[in-house]
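Structure record follows, encoded as structure tokens.
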2 protein chains.
Amino acid sequence: MERLIRHIEKSVVLTPEEKEIIATTFHSKKLAKKEILHSEGSVCQYNYFIAKGCFRLYLITENGKEQVIQLGLENWWISDYSSYTSGRSSKFYIQALESSEVHYINRSEQEALFEKIPALESYFRKNLERAYAASLTRIEYLFLLSGEERYLQFVGTYPEFAQRIPQYILASFLGISPEYVSEVRKKRS
Amino acid sequence: MERLIRHIEKSVVLTPEEKEIIATTFHSKKLAKKEILHSEGSVCQYNYFIAKGCFRLYLITENGKEQVIQLGLENWWISDYSSYTSGRSSKFYIQALESSEVHYINRSEQEALFEKIPALESYFRKNLERAYAASLTRIEYLFLLSGEERYLQFVGTYPEFAQRIPQYILASFLGISPEYVSEVRKKRS
DNA sequence: GAAAAAAATTAAGCTGGTTTAAGAAAGGCG
DNA sequence: CGCCTTTCTTAAACCAGCTTAATTTTTTTC
């Protein structure tokens, strides 16, 4: 749980007792590559902190294809926020793309923890501000950049991450076909 | 300020003293139709609660066109979150689309208010959860729906809102050309 | 380390939506 | 009301990126 506590301490101050409460309240789980953390059809009851590895959040479209909505790696939180906060059933899958480990908590545990440790609500508020701003930036890029530009920009900005995940998953995340990624790569080499 | 306080009280409980602090801390501003609330190039120092009217957040692209990134109406918060939270200068404009009124606060006032009124940080945390979930849903629609489907879906879901704003602004928000909106409307009628 | 499965490449044909340009309609203001 | 500006429509040519399908390369499994 040290990685999670270190991440929280980047935003807020915690007492030793508070760290102890956090360490005993969160649950942990290890996942093999390709293992599913959450499935479509059920409520997403947990908010997951990625301590190791990486994940994709995706759905199956009407015509049976997978569309990747989000990617997450170490120090990110991943969850179907719509389902997690509303209690409605989820349309998404969350899958480990590598051998991974998460620390997680459910909605009522989280709310109870905010009562005991107000600094933790502050951490989540700041984290949500970052996540929301990042999500708006992503919308901005979807509008402003062509598929080719989005691919080149991603690979330029996160070269090591682009290596970690299969190309067809990155293509789907960027909203282009894997064939088109091949074309762009060929053109650029 | 009643509208803002009523909105906060949908999420958390406030004492009369806390309401008083909120009413005296927030600032208010009225804007005429088309008036600019925030401009590109400066830091977006405020977080704005829309008490009346509606707004668009947009940028000017390299080739001089306007791209609408966000729309907001009564009871929404609008700001360039990236700039507001980081203090970096903003790429966006925020403009009133109707005669409007906002209540606003700056970053340090907001943080100071969270110290005095912890329930307010809870309100913002919950609000950010909603905003973040909505933003992910929007990304999902950008991937799953065609331009035509996005237009029909928007008009079907928010018919009165679609009436309030010019068609070319809605087109830009949906990521399609105004000419194509005309085509879709013709086809459907 | 061979066989099977998964992922990436190539190429050709196709389409959803853009661009451009001009005219029509609607809205705002003195 | 009448003029001027803003918004919306129409149509034709065009293209970025998709689809399909076959082949090659890489990875996984036993």
Side-chain angles (χ1 to χ4, degrees), chain A residues 31-36 54 56 58 60-68 71 93 95-99 141-155 161-189, chain B residues 31-36 53-54 56 58 60-68 71 93 95-100 141-155 161-189:
Chain A
L31 294 100
K33 184 169 178 174
K34 301 205 177 177
E35 205 176 329
I36 300 283
C54 79
R56 63 167 172 160
Y58 67 99
I60 309 286
T61 67
E62 284 178 356
N63 35 16
K65 293 191 175 166
E66 297 174 354
Q67 175 63 53
V68 176
L71 292 172
Y93 296 84
Q95 183 192 37
L97 298 177
E98 300 174 351
S99 165
Y141 284 147
L142 283 171
F143 281 140
L144 297 186
L145 303 184
S146 67
E148 177 171 5
E149 288 167 329
R150 291 200 298 277
Y151 174 76
L152 294 172
Q153 207 241 195
F154 188 96
V155 170
F161 188 26
Q163 292 304 322
R164 279 171 73 175
I165 56 177
Q167 213 159 95
Y168 73 97
I169 286 180
L170 177 54
S172 174
F173 174 75
L174 295 172
I176 55 182
S177 69
E179 294 83 357
Y180 190 57
V181 169
S182 279
E183 206 173 312
V184 169
R185 284 165 62 90
K186 189 169 74 169
K187 199 158 60 173
R188 289 278 148 175
S189 61
Chain B
L31 294 102
K33 185 170 177 173
K34 300 202 177 181
E35 204 176 329
I36 300 283
C54 79
R56 64 167 171 161
Y58 67 98
I60 310 286
T61 66
E62 283 177 357
N63 36 15
K65 294 191 175 166
E66 297 174 354
Q67 174 61 55
V68 177
L71 293 172
Y93 296 84
Q95 183 191 37
L97 298 177
E98 298 174 352
S99 164
S100 301
Y141 285 147
L142 283 172
F143 282 141
L144 296 186
L145 304 183
S146 67
E148 177 171 5
E149 287 167 330
R150 290 200 299 276
Y151 174 76
L152 295 171
Q153 208 241 193
F154 189 97
V155 171
F161 188 25
Q163 293 303 322
R164 279 171 74 174
I165 56 177
Q167 213 158 96
Y168 71 96
I169 287 179
L170 178 54
S172 174
F173 175 75
L174 295 172
I176 55 182
S177 69
E179 293 83 357
Y180 189 57
V181 169
S182 277
E183 206 174 312
V184 169
R185 284 166 63 90
K186 190 170 74 169
K187 199 157 62 173
R188 290 277 149 178
S189 62

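Every value quoted in this text rests on a predicted model; they were computed, and no experiment measured them. In what follows, every chain begins at residue 1, and chains take the letters A, B, ... in the order their sequences are listed.
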Between B:Val181 and B:Leu170, is a side chain to side chain contact (heavy atoms under 4.5 Å, CB included) present by the stated rule, with each step listed? CA-CA 9 Å; B:Val181 169; B:Leu170 178 54; over 6 Å; no

What verdict does the side chain to side chain contact (heavy atoms under 4.5 Å, CB included) test give for A:Ile169 and A:Leu71, after you've listed the backbone C-alpha separation in whole Å, the side-chain angles of each residue and the deciding distance to 0.1 Å? CA-CA 9 Å; A:Ile169 286 180; A:Leu71 292 172; 4.0 Å; yes

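Rounding to whole angstrom units, CG of residue B:Leu145 and P of C:dG17 are separated by 10 Å. In this structure, CD of A:Gln167 is placed 12 Å from C1' of D:dT25, rounded to the nearest angstrom. In this structure, B:Ile176 places its CD1 atom 15 Å from C1' of D:dT9, rounding to the nearest Å. Straight-line distance from the OH atom of A:Tyr151 to the P atom of C:dA8: 10 Å, rounded to whole Å. Across the protein-nucleic acid pair, A:Lys186 atom NZ and D:dT24 atom P stand 15 Å apart, rounded to whole Å. With rounding to whole Å, A:Leu152 atom CG is found 11 Å from D:dG17 atom P. Here the P atom of nucleotide C:dA7 and the CD atom of A:Glu179 are 14 Å apart, to the nearest Å. Note: OH (A:Tyr168) to P (D:dC18) measures 17 Å, nearest angstrom.
Side-chain nitrogen and oxygen atoms of A:Arg185 include none within less than 4.0 Å of the OP1 or OP2 phosphate oxygen of C:dA8. Within the 4.0 Å cut-off from OP1 or OP2 of C:dT10, not a single side-chain nitrogen or oxygen of A:Ser182 is found. Here A:Lys34 reaches the OP1 or OP2 of C:dA7: one of its side-chain N or O atoms lies under 4.0 Å away.
When heavy atoms are screened at a 4.0 angstrom cut-off, B:Ser146 is found touching the sugar-phosphate backbone but no base atom. Within 4.0 Å (heavy atoms only), B:Tyr180 reaches at least one base atom of the nucleic acid.
Comparing D:dC8, C:dA7, D:dT19 by their closest approach to the side chain of A:Lys65 singles out D:dT19.
Nearest-nucleotide assignment on DNA chain C puts the 5′-proximal partner with B:Glu149, out of B:Glu149 and B:Lys33.
With A:Gln95 contributing its side chain and A:Arg56 its backbone, the two residues share no donor-acceptor pair below 3.5 Å.
Nearest heavy-atom pair across B:Lys33 and B:Leu97 is CG-O, 3.5 Å. What you find for B:Leu142 and A:Phe143 is that their closest heavy atoms are CD2-CE2, 4.0 Å.
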